[in-house]
Amino acid sequence: MLFNITLLFLLIFSFPIPHMGNSVYVAIALAIIKLMYKGRLGKLLVMFRKGFVCQLIMLTIGLILLSMLFTIVNGAFEYSRTFALVSLLVGVISSIIVYSSLNMNLTGEGSPVKLMEKLIVYVFVVQSVISIASFVSPAFRAVISNFQFDEEANIADQYYNGIRGLAMSGRLYYEYAATCGLVTIFQIKRILNENSISISSLAILLLIVICGFFAGRTALLGLGLGLVFLMLAKTSVKFKMHFLLKFILIIIAGIGLILIIVPSEILDFINQHLIPWLFDLFLKYFDTGSTDGSVSFNRLNEMYDEVVITGREWIIGSGMYTEPSGRYYGHVDAGYLRQILYWGLIGTFISVMYTLKIFKLSWKAAKGIYNQRLFILAILTYTFVVHYKGDLLSVCRFYYVVIFLYLLSIWQTYRQNKLHSLN
């Protein structure tokens with residue numbers, strides 16, 4: 001278990017390690033060494049030729065080539081999005097290598113899917129503990145800053161007053177927050193599958209939510225959609241009510257514990273800075289009956305209202321993802337707008353189809369299993385919703401590595417079940 005969590009932590013959070021390089025490459029190196037030691041390197045090479053794994057790679061390469069085509073056709077020759085898609089391909093390949101080296105001992109888990117869900121959740125629990133420690137201890141945060149990219153860490157120092165940028169991660173803001181929200185839905189599914197509501201499982205859920213607090217407000221959408229998923233799931237009303245009641249009690253107990261053990265200066269900081277920032281939209285609405293006072297929310301909506309898109313851009317975009325200054329093309333960072341401005345509705349449709357296509361096998365494998373299909377719909381819906389804020393869909397390696405790992409576990413389970421049925 002420790003090996004699995006360590007390897008996934010290095011892979012998912014892709015942070016710099018002093019004198020060693022990016023943690024992703026450390027994860028790949030450790031995975032290959034393990035495969036060589038176990039004599040399974042040949043099986044990895046065979047795995048790359050298997051149907052679903054090969055399809056993941058080929059579809060991602062197809063996105064890269066299409067990205068190059070759109071920018072060439074438009075005469076822009078601006079390849080920043082192409083490089084982002086190359087990074088996505090690195091995410092695919094590294095996920096396959098690392099996944100193949102994991103200790104997939106299914107004792108007590110039942111299937112690779114359940115084990116992968118557990119591992120993903122535990123990795124984010126570890127990150128949550130790191131973030132909380134960084135928030136409480138400036139000395140610990142100084143150590144963690146060595147495992148962050150300078151540009152990301154500087155943003156935290158200049159703009160967020162110790163609220164964000166506390167994780168041992170290569171991404172500290174939107175992508176990280178969106179992924180925390182995704183993992184929140186995973187944990188709610190795990191509780192639903194267990195058909196029991198333990199204090200430990202709810203505490204884990206709360207830790208992931210807290211992890212999202214230090215990443216960005218986008219993470220709250222994951223909690224909201226996760227609760228919708230639970231309410232629509234096929235289980236008893238009694239179970240749903242017990243879940244909500246116990247989770248509220250856990251939150252109250254957590255707040256009480258904070259009030260008892262946290263120093264007064266940190267409590268003052270939480271009240272004066274963290275809570276107003278985190279719940280800005282809700283506080284503005286309750287105070288004034290309007291969200292107009294929420295600067296970030298209104299600015300996002302203004303982008304959609306005020307953006308100017310030419311007829312040509314609506315169809316095939318501009319081929320420009322960033323400007324020579326390094327700013328986003330058109331100074332727009334809203335997800336759907338960035339894709340339309342880059343490769344029009346045609347490219348945006350292809351981007352949507354990429355994500356739907358990679359989920360095709362998981363949908364097929366869940367035939368006749370209502371809650372599993374509902375879960376797939378929940379994470380797809382969540383992906384399309386958070387893409388409204390920033391460009392995440394079919395391009396964000398940080399977010400999609402979690403999805404790739406999960407889909408690989410579904411593929412392995414599907415293959416095992418198919419072999420068993422043949423035997």
Side-chain angles (χ1 to χ4, degrees), residues 7-8 10-16 21-32 35 41 44-72 77-102 116 120 149 169-171 174-176 178-179 182 317 319 321-322 335 338-339 342-343 347-362 383 387 390-412:
L7 220 57
L8 290 183
L10 293 169
L11 171 66
I12 291 172
F13 293 110
S14 56
F15 53 90
N22 195 291
S23 64
V24 171
Y25 304 114
V26 176
I28 292 172
L30 290 174
I32 291 176
L35 290 168
L41 194 58
L44 171 63
L45 298 177
V46 172
M47 187 177 174
F48 275 101
R49 299 199 297 269
K50 296 290 184 180
F52 176 71
V53 175
C54 182
Q55 183 184 64
L56 267 182
I57 295 171
M58 297 310 296
L59 285 172
T60 310
I61 291 174
L63 275 185
I64 295 170
L65 296 176
L66 281 170
S67 173
M68 295 175 64
L69 177 63
F70 272 91
T71 193
I72 291 170
F77 303 101
E78 196 279 305
Y79 297 103
S80 57
R81 184 178 178 86
T82 303
F83 294 143
L85 289 169
V86 170
S87 178
L88 184 68
L89 179 62
V90 170
V92 172
I93 295 172
S94 58
S95 296
I96 294 166
I97 295 171
V98 168
Y99 182 85
S100 65
S101 73
L102 297 178
M116 182 51 64
I120 289 170
F149 292 110
S169 176
R171 292 291 180 269
Y174 169 68
E175 299 99 324
Y176 178 32
T179 311
L182 176 68
Y321 196 60
T322 57
R338 289 196 73 188
Q339 293 219 15
Y342 176 72
W343 53 9
T348 303
F349 174 77
I350 294 170
S351 179
V352 170
M353 291 307 298
Y354 171 88
T355 293
L356 294 178
K357 184 71 174 176
I358 66 175
F359 272 94
K360 184 179 177 180
L361 176 64
S362 62
T383 301
H387 181 68
D391 195 9
L392 180 101
L393 186 65
S394 306
V395 71
C396 178
R397 185 181 82 179
F398 192 98
Y399 183 88
Y400 271 78
V401 160
V402 172
I403 290 177
F404 292 147
L405 290 167
Y406 182 64
L407 294 179
L408 286 168
S409 70
I410 291 178
W411 168 72
Q412 183 184 351

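If you read the sequence from its start, that first residue is 1, and numbering goes on from there. These numbers come from the heavy atoms of this one structure, side chains and all, not from hydrogens, waters or symmetry mates.
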Could you check whether any side-chain N or O of Ser94 sits under 3.5 Å from a backbone N or O of Gly91, counting only pairs where one atom can act as donor and the other as acceptor? yes
Does the side chain of Phe13 come within less than 4.5 Å of Ser23's, by heavy atoms? no
Could you walk me through whether Val98 and Leu10 pass the side chain to side chain contact (heavy atoms under 4.5 Å, CB included) test, one step at a time? CA-CA 10 Å; Val98 168; Leu10 293 169; over 6 Å; no
Between Tyr321 and Thr71, do the side chains contain an N or O donor and an N or O acceptor separated by less than 3.5 Å? no
Is the Tyr400 ring parallel, tilted or perpendicular to the Tyr354 ring (thresholds 30°, 60°)? tilted
So, Thr355 side chain and Val352 main chain: donor-acceptor pair closer than 3.5 Å or not? no
The reported gap from CG in Leu11 to OH in Tyr25 (rounded to nearest 0.5 angstrom) is 11.0 Å
What are the two closest non-hydrogen atoms of Leu393 and Arg81, and how far apart are they? O-NH2, 4.0 Å
Validation row: His387, Tyr399 side chains within 4.5 angstrom (heavy atoms): no
Separation between CE (Met58) and CG (Leu63), nearest 0.5 Å, reads 12.0 Å
For the residue pair Leu85 and Met68, establish whether any side-chain heavy-atom pair is separated by less than 4.5 Å. no
Is a side-chain N or O of Gln339 found less than 3.5 angstrom from the main chain of Asp391, in a donor-acceptor match? no
Is the closest side-chain heavy-atom distance between Phe15 and Phe149 below 4.5 Å? no
Side chains of Leu361 and Gln55, heavy atoms from C-beta outward: is any pair under 4.5 Å? no
OG1 of Thr348 to CZ of Arg338: how many Å apart, nearest 0.5 Å? 12.0 Å
A side-chain contact here means heavy atoms from C-beta on lying under 4.5 Å apart; do Phe404 and Leu88 qualify? yes
All heavy atoms of Arg171 vs all of Tyr176, minimum pair found to be O-CB, 3.4 Å
Could you report the tightest heavy-atom contact between Ile410 and Ser362, atom names first, then the distance? CD1-CB, 3.4 Å
Side-chain donor or acceptor of Ser351 paired with backbone N/O of Gly347 under 3.5 Å: no
Between OG on residue Ser95 and CG on residue Leu405, distance to nearest 0.5 Å: 4.5 Å
Taking atom CZ as the centre, does Phe48 end up with more than 12 heavy-atom neighbours from other residues, nucleotides or ligands that are less than 6.0 angstrom away? yes
Which atom pair, heavy atoms only, marks the closest approach of Ser14 to Val24? CB-CG2, 3.3 Å
Verify whether one side chain among Ser67 and Tyr342 offers a donor that lies under 3.5 Å from an acceptor in the other. yes
Ignoring hydrogens and angles, tell me if any N or O in the side chain of Tyr174 forms a donor-acceptor pair with the backbone of Gly390 under 3.5 Å. yes
So, do Ile403 and Leu182 sit near enough that their side-chain heavy atoms are less than 4.5 Å apart? yes
Roughly how far, to the nearest 0.5 Å, is CD1 of Ile350 from CG of Leu66? 5.0 Å
What one should report as the nearest heavy-atom pair of Thr322 and Ser80 is OG1-OG, 3.1 Å
Would you say Tyr79 and Ile72 make side-chain contact, with heavy atoms under 4.5 Å? yes
Say you draw a straight line from CD1 of Ile97 to CG of Leu35; how long is it, rounded to the nearest 0.5 Å? 8.5 Å
Heavy atoms of Tyr99 and Leu408 approach each other most closely as OH-O, 3.7 Å
What's the verdict on side chain to side chain contact (heavy atoms under 4.5 Å, CB included) for Leu56 and Val53, showing C-alpha distance, side-chain angles and the deciding distance? CA-CA 5 Å; Leu56 267 182; Val53 175; 5.8 Å; no
